[in-house]
Amino acid sequence: MAVTSPPRDALATIPPLRRPRRWLVLAALLVGLALLVVLSTIIGPLTGTQIIPWSTVLWIVGYHLTAGLLPSAPCPPSIHGLECTVQTEIVWGARFPPLLLAVLVGAALGISGGALQGVFRNPLVDPYLLGLSTGAAVGASILFTFNLAPAQQATFLPVLAFLGALVPGTVVYLAAGGRARSIETLLLTGVALNFLFAALLDALLLYNPSSGVQVNFWLLGGLSDATWTRDGIVFGVLLIAGTAIALHGRSLNVLQLGRDVAESVGVDARRTTRRIIVLSTVLTAVAVAFSGVIGFVGLVSPHVVRRMVGPDYRLVLPISGLFGATFLVLAWDLAQSVVPSVVIPVGIPTAFAGAPFFLYLLYRRGGLRGGGRSAG
Amino acid sequence: MTERTVPPLTVEAATVRYRDQVAVRSVTLSVPRGEVLALAGPNGSGKSTLLRAIAGLEPLAGGSVRILGRPLRSFSLRERARMVAWMPQEEAPGDNVPLLDYVRYGRFAHVPPLAAEREADERAVMAALADADVTTFACRGILELSGGERQRARLARVLAQETPVLLLDEATAHLDVGHQLDLLGRIRKIACRDGRAVIVALHDLNLAARFADRVAVLSHGQLVAEGAPPAILSPELLARVWGIVAVVRRDAATGLPYLIPQLPLGPEPASVHLPRRPKVHVVAGGGTGIPYLRRLVEEGYDVSAGALPLFDSDTEAAEELGVPVAVEIPFAPLGLEARARNRVLLASAGAIVVAPFPVGPSNLANLEDLREFVPRIPIFLIDPPHGTSLEFADGRATEVREELARRGGVRVESVDALVAALAARLRGPNDATDGPPGQG
């Protein structure tokens, strides 16, 4: 009569908690992306107007990266004296800082794009589409136009860029906090802000054509002005703000269920939103200050990453940073090599890849009103 | 030991404003440990707003909410999330995260910032999965689940919060009846076992009566009734709060009330295409009505019956024939509700047939209620077989029968005689033979 089956009960109490395959995939992904970044930083210095053999490039980069440990001489034995100094100057002094800047700026845009998408619970936003980048560009260009503090440009550029980005940042924050926070409103607000700030930028640059900075740099992005100091500043800001953003992964996960549910579970939705927007604005501002407006990196990176690792923001945020870095480095390599002896603005290749991607996302959702979120 | 005696949730004179209007006005209630309180009320009566206020999502314009005796306002956001769990009516779809991760969201306030989930958290999550019976779906994406499964997943998420107070807003919305019973049964069990205080906003009053220890009824933001379901669910309350006419009965097995809403008594639906079947109401009892019910149905009349006790053989025959009956619980005098329903049937009848049924004090009302219809509706009184008396009510039954006969009631002796008399009276000479008009 008592035909109970303990094995069944025992089975029921052992849920398949661990999914080792997912972690394996994740680890492979991380290693792969990191390798890609390293690889492109090695390829990067090869590209440029003057051809330097890759063995020399490897030698010089290796010498400087390991502080003279691995190759103990600054140049290969075949290169002597002045030639060595020239080539070192080209590779390490001129070509490497922009490359590093591409890594840092790509990471900054990738992380802030992922965080903004999380906070607005919408996969169609990024710092560029929300107008943050153009606002920052306006702020930064004030410094050039009026030639303020020419000696401390590296310090003041990001500050002014941040002040400039605060304007669209505030508008976007208010739009996010208001009751009518549909994605149409948000994106069209971004479009309007973009137009407004692009016009302001033109006006500023026309007001003082001798400011020596091209409109192209600000509107389409450029990494050629990179220096070690600037790289250091971006690195510092990225380390602090990027880490701070990445620590909000758990809150952002819960926030996807709506503000009320998030609050009922213990997430301060308002504070999280405010912090994420401020931190993303900081990251965007510092990126724009030294590299101009580079679009779509922040849009594309989190998307691709979500496809790969799933929707967990604790993973999406840092990996978006890595992906953004890779994306921008590749774009930079392309920008330098696609037309011989001309460096095109880096925003062009990112736009070529990103804009169709944006359209694809838009239409896959069935237009702006399409209810379905990207599940990937 | 105050832990034991202080109720997990007390609401004192709580007033909540919502968009410049007072949505909840001075509501006072308290939920002790292990109790399930059903919050009922029409749409827009303030149920959701009250729950949101208790969850701390709407500010109080007056009064107070206390959790374990401590004012809600004195808790930080994270503390509050360990005290009150709230399951909303609707939830943003969110990302397609695995159910296990989704339920872990419920532990947010238990996990220190920047730390990972500890063993206690994982144990709470596993227990919540088991309580909501979603362990088997733990690795499935939340958006891939069916409606019933997702609702249970949401229950698991709030259970994982391990709070003394649990608020469930329309927990059974969009669920089929099987899932409704299942979900509420689980909630009931969990409340009892863990000693949690649970408030469930419910639209279905029958479910509320079945699963809740107490029902609180809100109307226009005010608490209009509160108490055990049998004590407060009455036709008067339903009419006053929901504006419906409903019959409230007791479940013979559990003694719990259940209600059957009636269609509003308006103009009858147009039946242009169907020939109108004359309505005949049969008053009977103790099986005396069976031959008449059967024959009248066969003759094509629209038959109703009442008021009859639940297990009466007349009732059973009527149900078998698909005849609507005004029913009273067995072995009890006819109550006001059964009589009211009977009167509704009487009022719409084209003719009334009084079977030769024994009349005692408990069903005398059946005869007495006929008096108001006498001249207006033709009434047919079946005479009892010779030598039998129907009188068990001290002569009152005979008295009323006499009065009915005097005021136009037609006395008939057999089923055939009744059918003939009815046909003559209701269908007219032309229709009596079932032939096409004009033939007779």
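Letters A, B, ... mirror the listed sequences (proteins, then strands); counts begin at 1.
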| query | Which word best sums up how the rings of Phe296(A) and Phe358(A) line up, parallel for under 30°, tilted for 30 to 60°, or perpendicular for over 60°? | reply | tilted

| Which one of Thr163(B), Val111(B), Val158(B) has the most heavy-atom pairs closer than 4.5 Å to chain A? | Val111(B)

| request: Taking atom types as modelled, find out whether Arg306(A) and Tyr313(A) have a side-chain donor-acceptor pair closer than 3.5 angstrom. | output: yes

| With Asp131(B), the salt bridge (charged side-chain N to carboxylate O under 4.0 Å, His left out) member among Arg193(B), Lys189(B), Arg196(B), Arg157(B) | Arg193(B)

| chain B interface, residue from Arg250(A), Glu263(A), Arg314(A) that has the most non-hydrogen pairs under 4.5 Å | Arg250(A)

| message | Tell me which of these, Leu167(B), Thr136(B), Leu57(B), has more heavy-atom pairs under 4.5 Å with chain A than the rest. | response | Leu57(B)

| Is chain A contacted by the side chain of Arg107(B), its backbone, both, or neither, given a heavy-atom distance below 4.5 Å? | neither

| Under the 3.5 angstrom rule, does the side chain of Arg152(B) hit a backbone N or O of Ala132(B) as a donor-acceptor pair? | yes

| message | I'd like to know which of Arg80(B), Glu91(B), Arg78(B), His110(B) tops the heavy-atom pair count under 4.5 Å against chain A. | response | Glu91(B)

| Polar contact flag, side-chain donor to acceptor under 3.5 angstrom, Thr49(B)-Glu58(B) | no

